[in-house]
Each structure stands twice: as structure tokens, then as C-alpha cells.
Amino acid sequence: MQKDISIKLKPAEASDNTAIRRYLAQTSGVTESSITGFYKTRQSIDARSRQQVWINLTLKTFIDEPFHQREIERISFKEVDHSNKKVIIVGAGPAGLFAALCFLEKGIQPIIIERGKDVRARRRDLAVLNKDGIINPESNYCFGEGGAGTYSDGKLYTRSSKRGDINRILNLFVQFGAEEKILYEAHPHIGTNKLPHIITAMREQIIACGGKFLFEKKVNDFIIEKDELKGIKTADGDSFFADAVILATGHSARDVYELLYQKNILIEAKSFALGVRVEHPQTLIDSIQYHCALRDEHLPPSSYSLVEQVNERGVFSFCMCPGGIIAPAATNPNELVVNGWSPSKRDNPFANSGMVVTVEMKDTVDYFKRRKVEGIRLREEAIQHSSLSLHPTPLTLMHFQQSIEQKAFSAGGGKFVAPAQRMADFCNNKISSTLPECSYLPGIISGDMRTVLPSFIQKSLQSALQSFGKKMRGYYTNDAIIVATESRTSSPVRIPRNADTLEHPQLKNLFPCGEGAGYAGGIVSAAMDGERVAHIIAEKINSL
Ligand SMILES: Cc1cc2nc3c(=O)[nH]c(=O)nc-3n(C[C@H](O)[C@H](O)[C@H](O)COP(=O)(O)OP(=O)(O)OC[C@H]3O[C@@H](n4cnc5c(N)ncnc54)[C@H](O)[C@@H]3O)c2cc1C
């Protein structure tokens, strides 16, 4: 007999198979020897009780019958049929990679064109950025093989449940080398140290089946005939033609949005969120979340998720990285952006999270007006943007985002040193005379966030952080630090597409995809969108 049995255990018991077997036998009223084997199908932490943290487990239990290990659904990929049509995929992030894998299931050749380098070469550029404060605009935390997800925390949960099949994505990650526990943990994550190997395995599979990868090739133009996209051009002068083009360039490819705008290809401004990254000692977050002085060795470093409405504006934590590091995630030399990552063990002594405020088009008008009145010296194009933004365009929110990143860069004094403030000092408009230790490798400098953040963001954050301190006692503390600026939370531009065909409404054969087009937020949802777009294109191609 096989049974799905749910039990609630103390952390130490939940990691002890003998204890689990005992509980399974008790729950199902059989002897322990009748239990021939079991595996976890669900695991979550319940830390609501102040007395005891519980682990909720659901286990596939085999009773009085031979035990079978979990079956991982293995997807098989075909050799591409070169007489068949081919598809260009611009961008090797999760959206592009999972679209490519999907084409291989159908024997269609994907040609992946990526501005950045492969994962191994990319790692060297990240080391230079962290150590010397020098950025490669084509190879950084956002650009390169695997996209923005490669050197991330690798959190694999998504709020999206409609688009595609989350389990299929998780299975594919396991097929390419991720640990099986991502299949049953409530909040699965992979870790920065493991993701590059998985991405490499995906690339090797794609190439083995006849797909193509072209690195260090930046798409800088479209080949259009009448209203049809025939192909793309790259910055080094090459042209590529295909039956369909998937544009999966992520939320940081500002030049792609500019190109679409210049070519009068329809795009729209999209609200997004911007703020800071907050960092606490991990021990502090553990003691709050697990109600203890010291975390039980069988519990993982704890996380949190916070949300608050301040004057009808959302303020929320974003991409929380327990045991993580704050990373310099800019893509240009004069802009400062922070984000977070963590290794698979999440064993760094810091807990960081984005803390961001929603930004809409109406917020930018006042901001740009004030910037002009203040007479702040702006770069030439920023002045252009500011005048543009008084008459909003689809790029206004992107220029707003860029302008704040530039201010943060100046406030840090260059080399990606980030302006920072202790949390309570920030809320009391006080410059911090000292700063606590921080994980951000290029370094931090005491600054005044009022010179970086527009006042509606600064005030919303001040109010929300104090409220969060009431929800999570101890969270609001001067031992925490805030670092500017967390600005690449999602795309500030949407590239429209038809609901059924997923094709751009104005330009045939252009398929906007993933986070940069405004249809995903995170690794899993970008991967699902990639698959969805690939399915639709494959159907179209096969019916021609
Ligand atoms: C530091 C960090 C940590 C993160 N942590 C997590 C996390 O833990 N969990 C999670 O779900 N999400 C996380 N994210 C977000 C996640 O990485 C993105 O949501 C996801 O990667 C989006 O996938 P995508 O394929 O749509 O775009 P991207 O991953 O952004 O990929 C786009 C690709 O297109 C390429 N490209 C851009 N322009 C061009 C061009 N002109 N020509 C050719 N190629 C081009 C880029 O180089 C890039 O490789 C993190 C992001 C960062 C930066």
C-alpha cells in the first residue's frame, strides 16, 4: 500500500529518518517494520508558535510493499531537424533557455544570441566588479549566460500559478543537476554556487541537439520588411534571419527599449518598485522569526516577507536572501543598483532583502519638475529625459529609474561604493556617524538617502520600516543598515503582445517574452513564460 501521510515534527526529528519512520508507523497504525520506505513530497516550516518551531512534512509512504524511489520526470530532447524552421532567441536568461529547451523537444532549432559571456568567463567580470569597482557593461550580474538569475539566490518560488507548469520547471532544474529537495520544499532555492553548473548543463544539452549559442553578440537592430520581423542585426555587423524572434532581453536592456521606441515599435510604460536593500545580522532575524536566542541547528537561516500600505502606496520586501550577500547589480558605469544572492548553504552572517515602494507614472512628473528647478547638474541625455518626462513617454519610468541609480552612484563617490545609513538614523533623517559591517563587497559610505531617493519613496520607507518593527519585534533597529538603491525589481516598460498568439500586435514574428517584456518576475515565471511562447511558436511553425 502507498499512502501520502502528513506529520508535524520538531526540527531535529524531521531530519532523522528513524524518527520519521516511527511517526509514520504511529500515524498509520502499523509496525515500523511494515514501513518499507518513504520520501518527502512537501516540507514547510511553521514558526507561528512562540514555544516550538514545527516542520510540516508530507511523505509518500510505502507500507508492506516494495519501496520505489521518487521518479523524476525526465524530458527527452530531439536532434533538431535542419530542414525545419528556426527561431532566434535574444537573451540567454531563464526565459530564453527554457524556450530553447522547449524547441528541442519539438526538433526546432533555437539560435540563442546573448550579449554577455558564458558563465565561467562571466564570473571573472563579477570578481573585478566586486574587487576593483570596474564594470563590464556587457558582462555583469544582469547580462551573460543564464541571465540575471545565474548569480542569484536561485529562489524558485513564484506567485504565478496560471502560466505553465511550475513542477515541470522544477523537474527540469533537477534533470540538469539541481538537488531533488527543490521538488518538495515550500520555498525552494538553489544557490549561486550551484546555478552556473546547471546553466552549463542546459547549454551543453542545447548544443548537443543542434541548437546554437552565440555569446558576446549584442542585438542592436531589427530587420523589418513591411510589418514583419525577418531577423536581427548585432553590434559587430552580423545579420541573422529566422522564422520567429523571441525577445527575452530582461529588465535591464535599456538599449533594447530605446531601439523599440526609436523604431516606433509599440511599447508601454509599466509601474514598478524602487527602494533600498536592508541588511540585518542573520542571528537577529533568526531570533525574531524562530523566537529563540540561537537558531536550532536543524533549521535553515530564516527569512521574512513584509508588506505595508502607506498612503495607498505599496511598500514590500523583495527577494529576501537569508545568509546572503548584497551584490552590485548595475549594468552601466555611472549607475548604482543593488540586489542580493546567497550560496546554497545560506551560511553568510547577514540577512538582506530589497525594501521597495511602488512607483507609477504620475509620480515621475513632480520628480522631474523638481530636478529641473533644483538645477541639479544632469548628464546631457538625462536633461533630455527630464524634459521628455514632463510629457510622459513609454520610457519615462525607465528614465526615472536610471536617474535615481545615477544619483546613488554619485552619492557613493564612484567605483560602486554604495551610500548607506543605519535604519533608525534613516527614519530619523540623521546621518550615521558609524556604519555596521555590511556584506556589500565594493564597500559602503555613510550618506543621506534624501539626496538619492525622491521624498515619496523615502517617506514611505520610513513609515513602513517602523511598522515592520511592530510586526517583527527587533526588526526596526540601528543595527540594521540600508543600502541604495534597489531599483531593478521588475521592468519599467512593457512590450505588448496579443493574448492568444503572443506576437507583438504591430510586428509579425516578434515574440516579447520574460521579465523584460513585462510578463514575468523571477526565475520560475520567466522560465514558464519562455516555454509558453515556445509552444505557441512551435504550433505556428508546424502548421505552416
Ligand atoms: C542578483 C540577482 C538576484 C536575483 N535573485 C533571484 C532569485 O533568487 N529568485 C528569482 O526568482 N529571481 C531572482 N532574480 C531575478 C531573476 O534573475 C529574473 O527575474 C530572471 O532572470 C528574468 O529572466 P529573463 O530570462 O526574463 O531575463 P534575464 O535573466 O534578465 O535575461 C536576459 C538576457 O538577455 C541578454 N540581453 C539583453 N540585451 C541583449 C541584447 N541586446 N542582445 C543580446 N542579448 C541581450 C542579457 O545579457 C541576459 O542574459 C535575481 C536577479 C538578480 C540580478
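Numbering of ligands and ligand atoms starts at 1, following listing order.
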What about Tyr151: any of its N or O atoms under 3.5 Å from an N or O on ligand 1?
no
Atom 14 (N) of ligand 1 touched by protein (heavy atom, under 4.0 Å):
no
Heavy atoms only: which of Ser152, Gly521, Ala527 lies closest to atom 5 (N) of ligand 1?
Ser152
Hey, does Ala526 come in under 3.5 Å of ligand 1, counting only N/O atoms on both sides?
no
Indicate, as side chain, backbone, both or neither, the part of Val90 found under 4.0 angstrom from ligand 1 when only non-hydrogen atoms are considered.
side chain
Atoms of ligand 1 less than 4.0 Å from Gly93 heavy atoms?
25 (O), 29 (O), 31 (O), 33 (C)
Is the gap between the ring centers of His280 and Tyr475 under 6.0 Å?
yes
Tell me which one of Glu114, Met320, Arg254 gets a heavy atom nearest to atom 49 (O) of ligand 1.
Glu114
Closest protein heavy atom (residue, atom, distance) for atom 16 (C) of ligand 1
Ile523 CG1, 4.0 Å
Relative to the ring of Tyr141, is the ring of Tyr151 parallel (under 30°), tilted (30 to 60°) or perpendicular (over 60°)?
perpendicular
Kindly confirm or rule out an N or O of Tyr157 lying under 3.5 angstrom from an N or O of ligand 1.
no
When you compare ligand 1 with Gly514, is there at least one nitrogen or oxygen pair between them that comes in under 3.5 angstrom?
no
Looking only at protein heavy atoms, which one is nearest to atom 44 (N) of ligand 1, and how far off is it?
Arg115 N, 3.1 Å
Between Cys513 and ligand 1, is there a nitrogen or oxygen pair with a distance under 3.5 Å?
no
Under 4.0 Å between a side-chain nitrogen and a carboxylate oxygen: does that hold for Arg123 and Asp118?
no
Can you tell which part of Trp341 has a heavy atom less than 4.0 Å from ligand 1: side chain, backbone, both or neither?
neither
For ligand 1, which atoms sit closer than 4.0 Å to a heavy atom of Gly149?
17 (O), 21 (O)
Is it true that Lys40 and Glu180 have a side-chain N and a carboxylate O under 4.0 angstrom from each other?
no
Less than 4.0 Å between a side-chain N and a carboxylate O, is that true for Glu335 and Arg488?
yes
Please determine if Asp529 and Arg497 form a salt bridge, counting it only when a charged side-chain N lies under 4.0 Å from a carboxylate O.
yes
Ligand 1 versus Thr249: contacting region, heavy-atom distance under 4.0 Å
both
Which ligand 1 atoms are under 4.0 Å away from a heavy-atom of Glu515?
18 (C), 19 (O), 20 (C), 22 (C), 26 (O)
Ile134 backbone acceptor or donor facing Asp132 side chain under 3.5 Å:
no
Any chance the rings of Tyr304 and Phe468 have centres within less than 6.0 Å?
no
Give the atoms of ligand 1, by number and element, whose distance to some non-hydrogen atom of Gly154 is under 4.0 Å.
7 (C), 8 (O)
Find all atoms of ligand 1 within a distance of less than 4.0 Å from any non-hydrogen atom belonging to Gly144, and give their numbers and elements.
47 (O), 49 (O)
Donor-acceptor contact present, side-chain Ser317 to main-chain Leu306, <3.5 Å
yes
Can you label the angle between the Phe215 ring and the Phe213 ring as parallel, tilted or perpendicular, going by 30° and 60°?
parallel
Selection from Ala248, Gly91, Gly340, Gly147 by shortest heavy-atom distance to atom 32 (C) of ligand 1:
Ala248
Before accepting this row, confirm whether a basic side-chain N of the pair Arg122/Glu145 lies closer than 4.0 Å to the acidic partner's carboxylate O.
no
Between Asp238 and Lys233, does at least one N-O distance fall below 4.0 Å, as a salt bridge requires?
no
Go through ligand 1 atom by atom and flag the ones less than 4.0 Å from a non-hydrogen atom of Gly522.
10 (C), 11 (O), 12 (N), 19 (O)
Under 4.0 Å between a Lys/Arg side-chain N and an Asp/Glu carboxylate O for Arg254 and Glu405?
yes
Selection from Ala95, Ala235, Cys319, Ala148 by shortest heavy-atom distance to atom 29 (O) of ligand 1
Ala148
Looking at Asp243 and Lys86, would you say the former's side chain and the latter's main chain have a donor-acceptor pair under 3.5 Å?
yes
Output yes when the distance from some N or O of ligand 1 to some N or O of Val219 is under 3.5 Å, and no in every other case.
yes
Here the atoms of ligand 1 under 4.0 Å from any heavy atom belonging to Ile113 are 43 (C), 44 (N)
Evaluate Lys155 for polar contact with ligand 1, using N/O atom pairs at a separation under 3.5 Å.
yes
Check whether the ring centres of Phe416 and Phe409 lie less than 6.0 Å apart, and answer yes or no.
yes
Just to be sure I read this right, does ligand 1 sit under 4.0 Å from the backbone of Lys217, its side chain, both, or neither, counting only heavy atoms?
backbone
Should Glu179 and Lys194 count as an ion pair when the cut-off is N to O under 4.0 Å?
yes
Numbered in order shown, the ligand 1 atoms found under 4.0 Å of a heavy atom of Lys218 are 41 (N), 42 (N)
Under 4.0 Å, heavy-atom basis, I'd like to know which part of Val256 is in contact with ligand 1: side chain, backbone, both or neither.
side chain
Protein heavy atom at shortest distance from atom 27 (O) of ligand 1
Gly250 CA, 3.4 Å
